[in-house]
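Inspection log for the structure reproduced underneath, given as structure tokens.
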Amino acid sequence: MQIGRVLITQEEIDSRVRELAGQISADYAERNPVLISLLKGGFIFLADLVRRMTIPHEVDFIAVRSYRDGFARSERIEIVNDLKRSVNDRDIIIIDGIIDTGHTLEFLGQMLEERRVRSLRACALLDKPSCREVAVTVDYVGFKVPDVFVVGYGLDFKERYRNLSYIAELLPGAAVGEGPHATAREGQPASPAENNP
Ligand code: IMP
Ligand code: MG
């Protein structure tokens, strides 16, 4: 696998993250929201976002793993690393690197509603709306991207490329069964043990 064209530069990410942080700071003044980062893909985005925010807030982390259920295209998702604090009656913003099928966000949304949060919104640096399998609302979106596999700024292919400071397309070309959509999603391991967050 190799890195293809750069889709979003470091400068473009930086200025969009500032805008999102400004918007969230304006929307959540006086509310002390909890920003929940989805590991691992959301951790760099969270780190940059909170440093641009101007209001009091808290952060927490959650890691999930999912298994794609054969041809049914349904997902079984489980929590592998839960939140450390109660979110009861709190204003929650889920922070994710990319929303693809929407299954992960739908699962998290249901789980958080069951924990009786006061309000719930989602913020993703990237959105692939053409890949949606379930309808989810993403309240704050950094950039829309086409249906290509992207890496960088927290997003990986087999744990590589998270450290790139830009978003790039990953060129296909690996051996059969090794393509990104076969193995790379945090939610789509060939075997669960391969893909522990
Ligand atoms: P979904 O919305 O439930 O399909 O899950 C989205 C997750 O799939 C993200 O949090 C990523 O871990 C992974 N993912 C989806 N598309 C990409 C991509 O283009 N590059 C890297 N990871 C991706
Ligand atoms: Mg991944």
Side-chain angles (χ1 to χ4, degrees), residues 1-8 13 35-47 49 60-81 93-112 120-174 178-197:
M1 305 301 289
Q2 60 179 34
I3 299 296
R5 69 199 158 104
V6 175
L7 296 183
I8 308 168
I13 294 172
L35 277 62
I36 297 178
S37 171
L38 198 55
L39 296 174
K40 302 174 191 173
F43 83 104
I44 291 181
F45 180 35
L46 178 85
L49 191 70
D60 206 340
F61 299 88
I62 193 164
V64 301
R65 178 164 61 202
S66 65
Y67 307 84
R68 189 151 281 229
D69 192 6
F71 295 105
R73 308 275 295 165
S74 66
E75 302 256 348
R76 187 164 67 80
I77 302 177
E78 64 186 27
I79 298 170
V80 292
N81 192 344
I93 312 171
I94 296 170
I95 309 293
D96 199 357
I98 186 165
I99 309 295
D100 184 25
T101 64
H103 286 292
T104 310
L105 185 57
E106 181 186 53
F107 170 85
L108 278 179
Q110 286 169 356
M111 186 207 84
L112 290 166
L120 180 60
R121 283 189 179 173
C123 172
L125 182 75
L126 304 180
D127 187 12
K128 277 187 192 172
S130 61
C131 296
R132 212 63 103 243
E133 293 178 8
V134 288
V136 287
T137 304
V138 192
D139 305 275
Y140 304 96
V141 174
F143 303 91
K144 287 186 179 166
V145 289
D147 182 14
V148 295
F149 199 83
V150 295
V151 291
Y153 200 72
L155 299 175
D156 75 306
F157 173 64
K158 293 187 172 181
E159 295 304 323
R160 283 191 65 192
Y161 309 119
R162 291 192 200 276
N163 59 318
L164 300 179
S165 48
Y166 49 85
I167 298 289
E169 187 176 353
L170 192 71
L171 296 178
E178 291 245 312
H181 285 288
T183 54
R185 290 178 197 203
E186 246 136 53
Q188 221 177 347
S191 69
E194 251 184 41
N195 215 34
N196 286 331

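Order of listing sets the numbers, starting from 1, for every ligand and every atom in it.
The closest approach between any non-hydrogen atom of Gly41 and ligand 1 is not below 4.0 Å. Under a 4.0 angstrom heavy-atom cut-off, Leu38 registers as lying outside contact with ligand 1. Ligand 1 does not have Glu106 within reach: every non-hydrogen atom of the residue lies 4.0 Å or more from it.
Numbered from 1 in the order shown, with element, the atoms of ligand 1 that lie under 4.0 Å from a heavy atom of Val148 read 19 (O). With ligand atoms numbered from 1 in the order given, ligand 1 contributes 10 (O) to contacts under 4.0 Å with heavy atoms of Asp96. Numbered from 1 in the order shown, with element, the atoms of ligand 1 that lie under 4.0 Å from a heavy atom of His103 read 3 (O). Per-residue contacts place Thr104 under 4.0 angstrom from the following atoms of ligand 1 (heavy atoms of the residue considered): 1 (P), 3 (O), 5 (O).
Any N or O atom pair closer than 3.5 Å counts here, and Asp156 shares no such pair with ligand 1.
Residue-level proximity to ligand 1 for Leu105 is absent, since no heavy atom of it falls below 4.0 angstrom. Under 4.0 Å from ligand 1, not a single heavy atom of Val151 appears.
By the 4.5 Å heavy-atom criterion applied to side chains, Phe149 and Pro172 are not counted as neighbours. Using a 4.5 Å cut-off on side-chain heavy atoms (C-beta onward), Phe61 and Asn81 make no contact. The side-chain heavy atoms of Ile79 and Met111, taken from C-beta on, include a pair separated by under 4.5 Å. With contacts defined as side-chain heavy-atom distances shorter than 4.5 Å, the pair Ile8/Leu126 qualifies.
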Could you walk me through whether Arg160 and Leu170 satisfy the side chain to side chain contact (heavy atoms under 4.5 Å, CB included) test, starting with their C-alpha distance in whole Å, then the side-chain angles of each, then the deciding distance to 0.1 Å, before giving a yes or no? CA-CA 11 Å; Arg160 283 191 65 192; Leu170 192 71; over 6 Å; no
Thr101 vs Glu106, side chain to side chain contact (heavy atoms under 4.5 Å, CB included): CA-CA, chis, key distance, verdict: CA-CA 10 Å; Thr101 64; Glu106 181 186 53; over 6 Å; no
Show your reasoning for whether side chain to side chain contact (heavy atoms under 4.5 Å, CB included) applies to Leu38 and Ile62. CA-CA 5 Å; Leu38 198 55; Ile62 193 164; 3.7 Å; yes
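Distances from the Mg ion (ligand 2) to each N, O or S atom of Asp156 single out OD1 as the nearest.
Put simply, CD1 on Ile167 and CG on Leu7 are 8.0 Å apart, with the number rounded to the nearest 0.5 Å.
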